[in-house]
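Working notes, structure below.
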Amino acid sequence: MEQNKEEYWGMPLNTYCMLIHLSQLTSIIIPGLGFILPIVMWATNKDKNDAINEHGKVTVNWLISLFIYSIVCGILVFIVIGIFGFVLLAILNFIFAVIAAIKANNGQLWVYPLSIKFLK
């Protein structure tokens, strides 16, 4: 069985797809980078491989959903519950990114729960 030997940014396909998901965690180090990097990784190679396109779409859908949920939490901060919402979102974002990355590394697509489907 012959595997795809094509590389993206010097990485095999599954590794690249895995890093699309994990790249959103770069916001822990540099705020905002976790939103920009996955989009750049997806946009630069989405036309070269269907798997990259699919992984990128589910990641971008989650990032947009996360942004919307964050706005709601920001509004709810004034009645304290928003603080808990932010903590929950941070935990979910980390867990979801790790699960999606593990699945991607195994060649599977995992759709983030609670993600609104903006890109189909």
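Reckoned from all heavy atoms, side chains included, excluding hydrogens, waters and symmetry mates. Count residues from 1 along the sequence.
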Next item on the list: Tell me, please, which residues at least two apart from Ala97 pass side chain to side chain contact (heavy atoms under 4.5 Å, CB included).
Entry: Gln24, Leu25

Next item on the list: For the residue pair Ile95 and Ile91, establish whether any side-chain heavy-atom pair is separated by less than 4.5 Å.
Entry: yes

Margin query: Would you call the rings of Tyr112 and Phe96 parallel, tilted or perpendicular, taking 30° and 60° as the class edges?
Written below: perpendicular

Checklist line | Pairs where residues 29-46 contributes a residue and the test side-chain hydrogen bond (donor to acceptor under 3.5 Å, both in side chains) is met, not counting sequence neighbours | finding: Tyr16-Asn45, Trp42-Asn53, Asn45-Lys48

Check: Is there any side-chain hydrogen bond (donor to acceptor under 3.5 Å, both in side chains) pair reaching into residues 100-109, and which pairs are they, with sequence neighbours excluded?
Finding: none

Next item on the list: Determine whether Leu89 and Ile79 fall in the same hydrophobic cluster, where Ile, Leu, Val, Met, Phe, Trp and Tyr are linked whenever their side-chain heavy atoms lie under 4.5 Å apart.
Entry: no

Next item on the list: Working to the nearest 0.5 Å, report the span between CG of Asn49 and NE2 of His55.
Entry: 9.0 Å

Notebook entry, point to check: Roughly how far apart are Ser115 OG and Ile68 CD1, rounded to 0.5 Å?
Noted result: 9.5 Å

Next item on the list: Report, as yes or no, whether the 6.0 Å neighbourhood of atom CD1 on Ile71 holds more than 12 heavy atoms from other residues, nucleotides or ligands.
Entry: yes

Item checked: Val40 reachable from Leu22 in the ILVMFWY side-chain graph, under 4.5 Å edges -> yes

Checklist line | Inter-residue atom distance Trp62.CH2 - Tyr69.OH, 0.5 Å rounding | finding: 6.5 Å

Margin query: Return the CG to SG distance between Leu109 and Cys17, rounded to the nearest 0.5 Å.
Written below: 9.0 Å

Item checked: Hydrophobic cluster identity match, Tyr8 and Met41, side-chain contacts under 4.5 Å -> yes

Next item on the list: Would you check if the side chain of Ser27 reaches a backbone N or O of Gly34 as a donor-acceptor pair within less than 3.5 Å?
Entry: yes

Note to self: So, taking the atom named SG in Cys73 and the one named CD1 in Ile81, what distance separates them when rounded to the nearest 0.5 Å?
What the structure shows: 8.5 Å

Notebook entry, point to check: In terms of hydrophobic clusters joined by side-chain contacts under 4.5 Å, are Ile64 and Ile20 together?
Noted result: no

Check: Are Ile52 and Ile36 co-members of a hydrophobic cluster defined by side-chain heavy atoms under 4.5 Å apart?
Finding: yes

Notebook entry, point to check: Can you tell me how far the CD1 atom of Ile83 sits from the CZ atom of Phe78, to the nearest 0.5 Å?
Noted result: 10.5 Å

Check: Where is the tightest heavy-atom contact between Trp110 and Pro113, given as atom of each residue plus distance?
Finding: CH2-CD, 3.2 Å

Note to self: Counting only heavy atoms from other residues, nucleotides and ligands, does the tally under 6.0 Å from CZ of Phe94 exceed 12?
What the structure shows: no

Note to self: Would the distance check show the side chain of Thr15 and the main-chain N or O of Met11 forming a donor-acceptor pair, the cut-off being under 3.5 Å?
What the structure shows: no

Item checked: Asn61 side-chain N/O to Lys117 backbone N/O, donor-acceptor pair under 3.5 Å -> no

Note to self: Between Thr59 and His21 (side chain of the first, backbone of the second, donor and acceptor by atom type, cut-off under 3.5 Å), is there such a pair?
What the structure shows: no

Checklist line | pair Leu33-Ile29: side-chain heavy atoms closer than 4.5 Å | finding: no

Notebook entry, point to check: Out of Asn93, Leu114, Ile116, Leu92, which residue meets the side chain to side chain contact (heavy atoms under 4.5 Å, CB included) rule with Leu66?
Noted result: Asn93

Margin query: If you apply the rule side-chain contact (heavy atoms from CB on, under 4.5 Å), what do you find for Phe118 with Val60, and how did you get there?
Written below: CA-CA 9 Å; Phe118 294 100; Val60 171; over 6 Å; no

